[in-house]
Amino acid sequence: MPAPKPQRVLVAEAAIAARVAELARAIARDYAGENPVLVGVLQGAVPFVADLMRALPIDVTVDFIRASSYGAGTSSSGRVRLVADLAVEVADRHVLIVDDIVDTGLTLAALKRTLEARRPRSVRTCVLLDKAGRRETDVTIDYVGFTIPNVFVVGYGLDYGGLYRNLPYVAALDVT
Ligand code: 5GP
């Protein structure tokens, strides 16, 4: 069966670029002189991290972590498994987890707990997209790009069965 086609553009390329610049200004102000570790969550956060890091006028260290994902499905299992760890030590560092989207919040909450156990100076979170109405845990999101409704989205790193990560915009996908 062919994969469903992305339909409605939800966040256009120019809107993403403008918001990334604003987030970078806020992050640069908050972390001035701190050399934080940006922890990108593979694979979905790759375009976001790439754009965000280049918009940051401060020293940062960039690394990636990989948690188990949805696979080809569209709903959270609620379980998180680390399948690739950081190369850098985060003890005594400021950590900013950068992810593509927060839905139930279970993934970010688990990643945050995992990194907090390594005795960093702080752990904050930054996501491009927030499905705020879907939260099942009270994890704090410190920097949010866009709050979106409960629709399944693809593009700008987000996939459906491995497809559409390369789209430069975020689109809603009808998967019914
Ligand atoms: P959570 O643990 O917050 O429920 O889920 C977070 C993860 O679920 C995201 O990192 C992403 O991999 C996946 N996810 C949640 N909503 C969507 C969506 O609308 N589209 C895609 N492609 N992935 C999603």
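Side chains included, hydrogens not; waters and symmetry mates left out as well; all remaining heavy atoms used. Counting starts at 1 for both ligands and their atoms, following the listed order.
For ligand 1, the atoms sitting less than 4.0 Å from at least one non-hydrogen atom of T107 are 1 (P), 2 (O), 5 (O), 6 (C), numbered in the order shown with element in parentheses. Atoms of ligand 1 found under 4.0 Å from any heavy atom of D99, numbered from 1 in the order shown, are 10 (O). Of all the atoms in ligand 1, the ones that sit under 4.0 Å from a non-hydrogen atom of L158 are 21 (C), 22 (N), 23 (N). Short contacts between ligand 1 and V151, defined as distances under 4.0 Å to a heavy atom of the residue, involve ligand atoms 19 (O).
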Donor-acceptor list for residues 82-90 side chains, cut-off 3.5 Å, not counting sequence neighbours:
unit_1	atom_1	unit_2	atom_2	d
D85	OD1	R118	NH1	3.0
D85	OD1	R118	NH2	3.2
D85	OD2	R118	NH2	2.8

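Ring geometry for Y143 versus Y31: interplanar angle of 30 to 60°, hence tilted.
Judged by the shortest distance from any of its heavy atoms, L173 lies outside the 4.0 Å radius around the atoms of ligand 1. Using a 4.0 angstrom heavy-atom cutoff, V154 does not count as in contact with ligand 1. At least one heavy atom of K131 sits closer than 4.0 Å to an atom of ligand 1.
At least one N or O atom of V153, backbone or side chain, sits closer than 3.5 Å to an N or O atom of ligand 1. Residue G105 places at least one N or O, backbone or side chain, under 3.5 Å from an N or O of ligand 1. Of the polar atoms of Y160, none of the N or O atoms is found under 3.5 Å from an N or O of ligand 1, judged by distance alone.
One finds no salt bridge joining D103 and R135 here, because no Lys/Arg side-chain nitrogen approaches an Asp/Glu carboxylate oxygen to under 4.0 Å.
When the options T104, V41, D100 are ranked by their closest heavy atom to atom 4 (O) of ligand 1, first place goes to T104.
Going from atom CG of L129 over to atom CZ of F146 covers 7.5 Å, rounded to the nearest 0.5 Å. Between atom CG of residue L115 and atom CZ of residue R124 there is a gap of 15.0 Å, rounded to the nearest 0.5 Å.
Note: the hydrophobic cluster containing I16 does not contain F152 (ILVMFWY, side chain heavy atoms under 4.5 Å, direct or indirect links).
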For Y156 and N166, what are the C-alpha separation, side-chain angles and deciding distance, and is it a side-chain hydrogen bond (donor to acceptor under 3.5 Å, both in side chains)?
CA-CA 6 Å; Y156 199 68; N166 56 311; over 6 Å; no
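Applying the side chain to side chain contact (heavy atoms under 4.5 Å, CB included) rule to V9 yields the partners A12, Y169; only residues at least two apart in sequence or on another chain are considered.
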